[in-house]
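Here's the structure we're looking at; comments come further down.
Nothing here was measured: the structure is a model prediction, and the numbers come from that model.
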Number of protein chains: 2
Amino acid sequence: MYEKKIPENLDCGISIAIKVLGGKWKAWIIDKINIGVRRPSELHRDIYLASPRVVNMHLKELEDMGIIYKKTYHEIPLRVEYYLTALGESVLPVIAAMEKWGNEQREHFDQAVSL
Amino acid sequence: MYEKKIPENLDCGISIAIKVLGGKWKAWIIDKINIGVRRPSELHRDIYLASPRVVNMHLKELEDMGIIYKKTYHEIPLRVEYYLTALGESVLPVIAAMEKWGNEQREHFDQAVSL
DNA sequence: TCAGCGGGGGAAAATTTTATCCCTATTGGT
DNA sequence: ACCAATAGGGATAAAATTTTCCCCCGCTGA
């Protein structure tokens, strides 16, 4: 796994929140799991714009951070489901706030420079 | 300036919010400007962990996105001040939510893996 | 036997972001 | 003449993230 070379700074709450939500698809994944898209293959299909590999990596990170947990069913075919932990649920309002604000301001960003 | 090669996806509000708040120091900068740290040199001193160059680049991006605006006083020595636009002020609650959540969960992340 | 689905990961390349270094310019002070 | 403070940016290097490609395993069904 990749080793960070520059130490992190988690002084302020913002850094922590960005660590959890800042990845390209992390917030989206959390949202989907919350909605009930639990299986990796479902998530891959749902977030088809992201490469499956990144979704997997994000899932792993979120699991390591204690935002989600994994349930493995030893069935055939193998089945895996992800669920939000209490910590993961506690972050939902933050995501909702971001989502709400972003949607309200979408018009502005559609016009504004295509940065 | 750097040209993106992969088109952005601003489908959901989350992407938009992350575009504005996801940079390493963007939320911090917005917060500081809101508090009254307005001049570039002040911001550099205040956010001394970030390289001044990046703060400048973030300021430019935030200005281009319409989150902040710049007032230039043609005094000697030259004086520049940044202020939040209405759009910038509208994002403050989102930052507050992130900050609040991050601080509440800080303990968890202090213990958890030093990812 | 071979293709396909499920979940998953290594290695390397490509892309994006951040850091470092050093420069511009104006003006005041010593 | 030279250094300081102000605000800024080009070029390049380094770091971090994301993508791409191709592999693993267990099992099923044709």
Could you work out which one of [options] sits closest to the side chain of [X]?
{"X": "A/Leu78", "options": "D/dT18, C/dG7, C/dT16", "result": "C/dG7"}
{"X": "B/Asn56", "options": "D/dT19, C/dT17, D/dG8", "result": "D/dG8"}
{"X": "B/Pro40", "options": "D/dG8, C/dT17, C/dA19", "result": "D/dG8"}

Interatomic distance where [atom1] belongs to [X] and [atom2] belongs to [N] [whole Å]:
{"X": "A/Glu42", "N": "C/dG8", "atom1": "CD", "atom2": "P", "value": "13 Å"}
{"X": "A/Arg53", "N": "D/dC24", "atom1": "CZ", "atom2": "P", "value": "15 Å"}
{"X": "B/Met57", "N": "D/dA11", "atom1": "CE", "atom2": "P", "value": "14 Å"}
{"X": "A/Tyr2", "N": "D/dT19", "atom1": "OH", "atom2": "P", "value": "17 Å"}
{"X": "B/Leu59", "N": "D/dG9", "atom1": "CG", "atom2": "C1'", "value": "14 Å"}
{"X": "A/Glu3", "N": "D/dA14", "atom1": "CD", "atom2": "C1'", "value": "17 Å"}
{"X": "B/Lys60", "N": "C/dT17", "atom1": "NZ", "atom2": "C1'", "value": "17 Å"}
{"X": "A/His44", "N": "D/dT19", "atom1": "NE2", "atom2": "P", "value": "13 Å"}

[N], OP1 or OP2 - any side-chain N/O from [X] closer than 4.0 Å?
{"X": "A/Ser41", "N": "C/dG7", "answer": "yes"}
{"X": "A/His58", "N": "D/dT18", "answer": "yes"}
{"X": "B/Lys24", "N": "D/dA16", "answer": "no"}

> Where each residue is assigned the nucleotide of DNA chain C containing its nearest heavy atom, which of A/Thr72 and A/Ile6 is assigned the position nearer the 5′ end?
Replying inline: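 First, find each residue's nearest nucleotide; the 5'-ward one identifies A/Thr72.
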Using the closest heavy atom to pick a nucleotide of DNA chain C for each, name whichever of B/Ala50 or A/Lys70 lands nearer the 5' end.
->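 Comparing both residues, the 5'-ward one is A/Lys70.
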ask   = Ignoring hydrogens and geometry, is there a side-chain-to-backbone donor-acceptor pair from A/Thr85 to A/Tyr69 under 3.5 Å?
value =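 Not a single qualifying donor-acceptor pair exists.
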query: Ignoring hydrogens and geometry, is there a side-chain-to-backbone donor-acceptor pair from B/Arg38 to B/Tyr82 under 3.5 Å?
result: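 Judged by distance alone, yes, a pair lies under 3.5 Å.
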Indicate yes or no: does B/Glu81 engage B/Lys70 in a salt bridge with an N to O separation below 4.0 Å.
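Looking at B/Glu81 and B/Lys70, the cut-off is not met.
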Under 4.0 Å between a side-chain nitrogen and a carboxylate oxygen: does that hold for A/Glu3 and A/Lys5?
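Result for this pair is no, no salt bridge flagged.
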Report which part of the nucleic acid [X] touches: base, sugar-phosphate, or nothing (heavy-atom distance under 4.0 Å, all strands).
{"X": "A/Tyr82", "value": "sugar-phosphate"}
{"X": "B/His74", "value": "nothing"}
{"X": "B/Arg39", "value": "sugar-phosphate"}
{"X": "A/Val54", "value": "base"}

Check: Which sits closer to the 5' end of DNA chain D, B/Arg79 or A/Pro52, going by the nucleotide each is nearest to?
Finding: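 The answer here is B/Arg79.
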Under 3.5 Å, sequence neighbours excluded: what are the donor-acceptor pairs made by side chains of residues 89-105 of chain B?
from: B/Ser90; atom 1: OG; to: A/Trp101; atom 2: NE1; distance (Å): 2.8
from: B/Ser90; atom 1: OG; to: B/Leu87; atom 2: O; distance (Å): 2.6
from: B/Glu99; atom 1: OE2; to: B/Asn103; atom 2: ND2; distance (Å): 2.7
from: B/Lys100; atom 1: NZ; to: B/Glu104; atom 2: OE2; distance (Å): 3.0
from: B/Trp101; atom 1: NE1; to: A/Ser90; atom 2: O; distance (Å): 3.4
from: B/Trp101; atom 1: NE1; to: A/Ser90; atom 2: OG; distance (Å): 2.8
from: B/Asn103; atom 1: OD1; to: A/Gly13; atom 2: N; distance (Å): 3.3
from: B/Asn103; atom 1: OD1; to: B/Arg106; atom 2: NH2; distance (Å): 2.5
from: B/Asn103; atom 1: ND2; to: B/Glu99; atom 2: O; distance (Å): 3.1

Would A/Lys26 and A/Leu21 satisfy side chain to side chain contact (heavy atoms under 4.5 Å, CB included), going step by step from the backbone distance to the final call? CA-CA 5 Å; A/Lys26 290 218 188 84; A/Leu21 302 176; 5.7 Å; no
